[in-house]
Amino acid sequence: MATRNLYAHDPGDPGWTVPAAGAARFSWEYDEGRDRLLSLYRKGKDKQWDAEKRIDWSLPVDPYDPLGLPDETSPLHGTPYWGRMSDKDKGELRRNYAAWQFSQFLHGEQGAMVCAARIVESVPDLDAKFYSATQTMDEARHAELYGRFLHEKIGLVYPIDDNLQALLGDTLRDSRWDMPYLGMQVLIEGLALAAFGMLRDITDKPLPKQILAYVMQDEARHVAFGRMALRDYYRQLSRAELREREEFVIEGCYLMRDRLRGEVVLTDFGLPRDEAVRLSEESEYLRVFRQLLFSRIVPCVKDIGLWGERLQRAYVDMGVLELGDASLDLLMAQDEEIAEKLDAQRFAEEEAARKGEVAEAIAAGAGEIAAGAGEAGTGAGEAAETREV
């Protein structure tokens, strides 16, 4: 079914064109590169996977409870609205929220794919081009699987959030080659990792857990790539140039914190927009998510060298400055470990199922042999009786 038939709202034009500035850069030096980036490139090649085969798409999903989240995560829970809703209405609400969240993941992954392709084009160093090429493939795979989940398992898609689109547009329109790194690898990917991780750790549904865990395994490499490339480059910039990038980060962080609420889902259920915004803002789930949102962004921003006084004041205002001391390496190692455990669990279950099938086949074969022997014995007895007569 065409996606346009599944949209909750008219997305407008079927495409979005972003005028891009900047230069395409070639390098004729093919035998030099940073060992860390080349090692990450080799890992990127080795870790490619097929969304058709690694994800168990046969797993059933209830579209009216696709993520199995507790009712307490709904901004309407505990309000008079919740008390007046039927079980069917609550199922529709869960479906719409899951569709909105995964739709933003889908649109963001397409944006990441375009940004990674832009990095291949514009970054001056060949080692960074090599790795960005593997990331472009990763992001294509992520868009593929989120799109499939929405089409086949939920049957509903939301247009891209205006604020996410604005941040993505600012990232792509900037002519400086490092801005797709900063806007996508640090801010948008940081936001995505926080959302993926929160849902991965809460959901009790195996299919979305697989999808989120395997995507996060890839994203751990992407964040590492952005940190390496930007850390090296930002050491060379003037204080004024660093301030410009810090301003971009500050604006992006406030936009993501204050605007990405999903209140459109509540207005779809008939609530006035002001009321939908108020209830979303008062949601404990949103409060926790906003804290987790910065758990990936703040330490990365500090690590790459954007840690000026104004940026630190902004993080104090947001209540997240202390996150700058968090270990990104530990978080990414955990992401890798969770994905590997899911693989091991699935392989063990498949191996047990195969052994069970073999045991059943052996037992069935033994039964047929015994039955055949019995029939042969009966036939021999009948033949002997016939000879005696």
Side-chain angles (χ1 to χ4, degrees), residues 6-11 62-108 150 154-167 187-188 190-205 208 212 251-297 314 317-320:
L6 299 180
Y7 272 110
H9 301 279
D10 181 4
D62 178 358
Y64 300 101
D65 189 20
L67 302 177
L69 302 184
D71 288 341
E72 289 77 11
T73 61
S74 171
L76 295 186
H77 187 266
T79 71
Y81 295 104
W82 187 262
R84 293 194 295 267
M85 293 175 72
S86 67
D87 288 343
K88 181 180 179 182
D89 290 335
K90 292 173 183 176
E92 285 286 355
L93 185 65
R94 286 191 289 265
R95 177 179 182 239
N96 282 45
Y97 261 116
W100 183 83
Q101 286 179 307
F102 275 73
S103 294
Q104 304 320 308
F105 297 164
L106 169 62
H107 303 314
L150 286 164
I154 297 184
L156 183 67
V157 181
Y158 270 83
I160 187 171
D161 182 271
D162 289 343
N163 299 289
L164 177 59
Q165 187 170 13
L167 181 57
L187 297 184
I188 297 177
L191 165 69
L193 277 168
F196 297 167
M198 190 169 184
L199 291 177
R200 177 200 64 189
D201 296 341
I202 295 176
T203 183
D204 61 356
K205 305 297 184 182
L212 293 162
E251 291 176 14
C253 286
Y254 274 118
L255 185 150
M256 290 188 295
R257 188 196 69 166
D258 297 339
R259 300 294 181 84
L260 293 173
R261 292 177 296 243
E263 69 272 11
V264 63
V265 175
L266 297 183
T267 60
D268 283 350
F269 277 75
L271 275 71
R273 187 178 184 282
D274 289 347
E275 180 76 347
V277 170
R278 181 184 70 81
L279 290 171
S280 297
E281 285 292 333
E282 294 175 356
S283 164
E284 178 66 13
Y285 181 76
L286 182 64
R287 186 194 67 77
V288 172
F289 170 69
R290 281 176 170 168
Q291 283 296 119
L292 291 174
L293 161 65
F294 291 103
S295 66
R296 307 285 181 140
I297 294 175
D317 178 57
M318 297 180 200
V320 297

For residues 67-76, run the donor-acceptor check on the side chains, cut-off 3.5 Å, and write out each pair with its distance to 0.1 Å, sequence neighbours left out.
from, atom 1, to, atom 2, distance (Å)
Asp71, OD1, Arg94, NH1, 3.4
Thr73, OG1, Pro70, O, 2.7
Ser74, OG, Leu76, N, 3.2

> What's the shortest heavy-atom distance between Ile297 and Leu187, and which atoms?
Replying inline: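 Taking Ile297 first and Leu187 second, the nearest heavy atoms are CD1-O, 3.7 Å.
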> If you take all heavy atoms of Leu6 and Gly155, which pair is closest and at what distance?
Replying inline: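 Heavy-atom minimum between the residues: CD2-O, 3.7 Å.
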Euclidean distance, [Y] [atom2] relative to [X] [atom1], rounded to 0.5 Å:
X	Y	atom1	atom2	answer
Leu93	His77	CG	NE2	11.5 Å
Leu293	Leu260	CG	CG	8.5 Å
Leu292	Phe196	CG	CZ	14.0 Å
Thr267	Asp274	OG1	CG	11.5 Å
Leu271	Thr79	CG	OG1	8.0 Å
Leu167	Asp162	CG	CG	13.0 Å

Heavy-atom check, side chain of [X] versus side chain of [Y], under 4.5 Å:
X	Y	value
Val320	Arg290	no
Asp62	Lys205	no
Asp89	Trp82	no
Asn96	Phe269	yes

>> Suppose we screen for side-chain hydrogen bond (donor to acceptor under 3.5 Å, both in side chains). Which residues come up paired with Tyr285, at least two apart in sequence or across chains?
In response: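 With neighbours one apart ignored, the set is empty.
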Can you list, pair by pair, the side-chain donor-acceptor contacts under 3.5 Å of residues 251-259, counting residues two or more places apart and other chains?
from, atom 1, to, atom 2, distance (Å)
Tyr254, OH, Asp317, OD2, 2.5
Arg259, NH1, Asn163, OD1, 3.4

> For residues 191-204, which residue pairs qualify under salt bridge (charged side-chain N to carboxylate O under 4.0 Å, His left out), counting only residues two or more places apart or in two chains?
Replying inline: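 Pairs touching residues 191-204 that pass the test: Arg200-Asp335.
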>> Please enumerate all residues that pass salt bridge (charged side-chain N to carboxylate O under 4.0 Å, His left out) together with Glu263, with sequence neighbours excluded.
In response: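 Glu263 satisfies salt bridge (charged side-chain N to carboxylate O under 4.0 Å, His left out) with Arg261, Arg273 only.
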> Considering residues at least two apart in sequence or located in another chain, which fulfil the salt bridge (charged side-chain N to carboxylate O under 4.0 Å, His left out) criterion with Arg287?
Replying inline: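 Arg287: salt bridge (charged side-chain N to carboxylate O under 4.0 Å, His left out) contacts with Glu284.
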Can I get a per-line list of side-chain donor-acceptor pairs under 3.5 Å for residues 101-108, giving both atom names and the distance, sequence neighbours left out?
from, atom 1, to, atom 2, distance (Å)
Ser103, OG, Ala99, O, 2.5
Ser103, OG, Tyr158, N, 2.9
Gln104, OE1, Asp161, N, 2.8
Gln104, NE2, Trp100, O, 3.4
Gln104, NE2, Pro159, O, 3.1
His107, NE2, Tyr158, O, 2.8
His107, NE2, Ile160, N, 3.4

> Hey, are Arg278 and Glu281 close enough for a salt bridge, meaning a charged N less than 4.0 Å from a carboxylate O?
Replying inline: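 So Arg278 does not pair with Glu281 through a salt bridge.
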